[in-house]
Amino acid sequence: MKFKKVVLLYSGGLDTSVMLKWIQEKYSCELIALTLDIGQPQTDFEKTKAKALKLGAKKAFVIDAKKEFAEEYVSKAIKANAMYEDSYPLSTAIGRPLLAKWAVKIAEQEGADAIAHGSTGKGNDQVRIEATVSSLNPNLTSLAPVREWGLTREEEMAYAEKHGIPIPEKSVYSTDENMWGKSTECGVLEDPFHEPPKEVFSYTTLPEKAPAEAELIEIEFQAGIPCALNGVKMPLHELVMKLNGIAAKHGVGVSDHMEDRIVGLKSREVYECPAAECILKAHKDLEKTVCTIHENTFKTMVDDKWAYMAYAGLWLDPLMGGLNAFIDKANEKVCGKVKLKLFKGSAKVVGRSSPYALYDLNLSTYEKGSLFNQNAAPGFIELWGLQSKLANHISAKNGAHK
Ligand code: ARG
């Protein structure tokens, strides 16, 4: 295969740095590095850019996509109460289609013919990136050097050394991070019986070391999207990043998850998603408060499907548009405030209020003066239980229940 120009999704880490050099050598092509800021903490993007140029990239783009990520991706996940297999808020999963979208945009702008990424051949990320790239521009080829090059860790180090690529102090873990959360794999975590060691948690405080005092926070929602934190209005990306700091201090948002990958493997993942845990819990609670039982039970099924589609890398499948249309409709009235208590690893909803709440004190109260007509209950029960009663009586007549 021949390429004249390749856009590489560049993180600045060892793998993608080796790749940056390797692609230029292997294909004798020009290389353009692309790095997206989607709220991954502690990253010096200027350094990343300088490193790419030093390793021979013709151009290096750093795009601040924090606002776009929050408004177009995280917000949809919030409205869909997105939680894969009850444990994973899809932080990595929803970042990939945005990376792919930008890679296609830069490739088209620069006249490149291929896109390269650092994902392995065993994970979901290759699927998410390549399925999105081919949906957006079928003429672009996707390259996944890690999948093809077959370098061992030692060979990769030797290659890095030969080309003057700085080797970071050895980390045994593979991590991925953005404002919606951090995932950690590999090392001792590959033994699912082994408790995740302390050093895995770079982000959240261990519950046993978290403050002895609980902290109350208040999140306000407008049409399903958080718009204020503790009474202060702010854009979603700022709110998420601020809340990460607050909730991480209390050790909130950690999960240790046996995950079903789309490529058939099971893997053990450790997630730290402090803001996501608080926001998703608050959102779900408020949604339950304002929606009917029928909307709530139906939406659970739609939400499950949404989470699976996002996990499976099918962000651009037309079904997602249909699911989002329903989800947006249901979220129109998800407005109001939710109070949460953060304490030693847990975030609990302790209060909610909304102008759209279907909860009516005059109906629900056990105090005197309730408007609920209890005299209507016996008639309701008679009809509600009619078929069950009949079925049981007829079974008994035919010899069941003996
Ligand atoms: N298992 C997660 C997913 O498929 C995270 C994948 C990337 N994580 C990593 N540590 N490299 O979305």
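When a ligand or atom number is given, it counts from 1 through the structure's own listing order. No hydrogens, no waters, no symmetry mates; every other heavy atom, side chains included, goes into these values.
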Legend entry - Any donor-acceptor N/O pair, Thr48 side chain to Asp44 backbone, under 3.5 Å: yes

Legend entry - Residues forming a side-chain hydrogen bond (donor to acceptor under 3.5 Å, both in side chains) with Gln126, sequence neighbours excluded: Arg147

Looking only at heavy atoms, is any part of [X] under 4.0 Å from ligand 1, and if so is it the side chain, the backbone, or both, or is it neither?
X      : answer
Asn124 : side chain
Arg96  : neither
Arg261 : neither
Tyr88  : side chain
Tyr271 : side chain

Legend entry - Spacing of Thr132 atom OG1 and Leu99 atom CG [to the nearest 0.5 Å]: 10.0 Å

Legend entry - CG-NZ distance between Leu314 and Lys305, expressed to the nearest 0.5 angstrom: 9.0 Å

Legend entry - Electrostatic pair Asp328:Lys79 at N-O distance under 4.0 angstrom: yes

Legend entry - Side-chain ion pair, Arg128 and Asp125, N-O less than 4.0 Å: yes

Legend entry - For Thr175, the ligand 1 atoms whose distance to one of its heavy atoms is below 4.0 Å: 9 (C), 10 (N), 11 (N)

Inset, instruction - Enumerate the atoms of ligand 1 whose separation from the nearest heavy atom of Arg128 is less than 4.0 angstrom. - result: 3 (C), 4 (O), 12 (O)

Inset, instruction - Look at the aromatic rings of Tyr88 and Tyr84 and report parallel, tilted or perpendicular, splitting at 30° and 60°. - result: perpendicular

Among all protein heavy atoms, pick out the one at the shortest distance from [atom]; state its residue, atom name and that distance to 0.1 Å.
atom                    : result
atom 11 (N) of ligand 1 : Ser174 OG, 2.9 Å
atom 7 (C) of ligand 1  : Asp125 OD2, 3.5 Å
atom 5 (C) of ligand 1  : Ser183 OG, 3.6 Å
atom 1 (N) of ligand 1  : Glu259 OE2, 2.9 Å
atom 6 (C) of ligand 1  : Glu185 OE2, 3.6 Å

Inset, instruction - May I ask whether Gly123 has any heavy atom positioned less than 4.0 angstrom from an atom of ligand 1? - result: no

Inset, instruction - Find out whether the Lys NZ or Arg CZ of Arg268 is both under 6.0 angstrom from the six-membered ring centre of Phe193 and within 45° of the ring's axis. - result: no

Legend entry - Glu215 and its salt bridge (Lys or Arg N to Asp or Glu O under 4.0 Å) partner, picked from Lys249, Lys344, Lys339, Lys348: Lys249

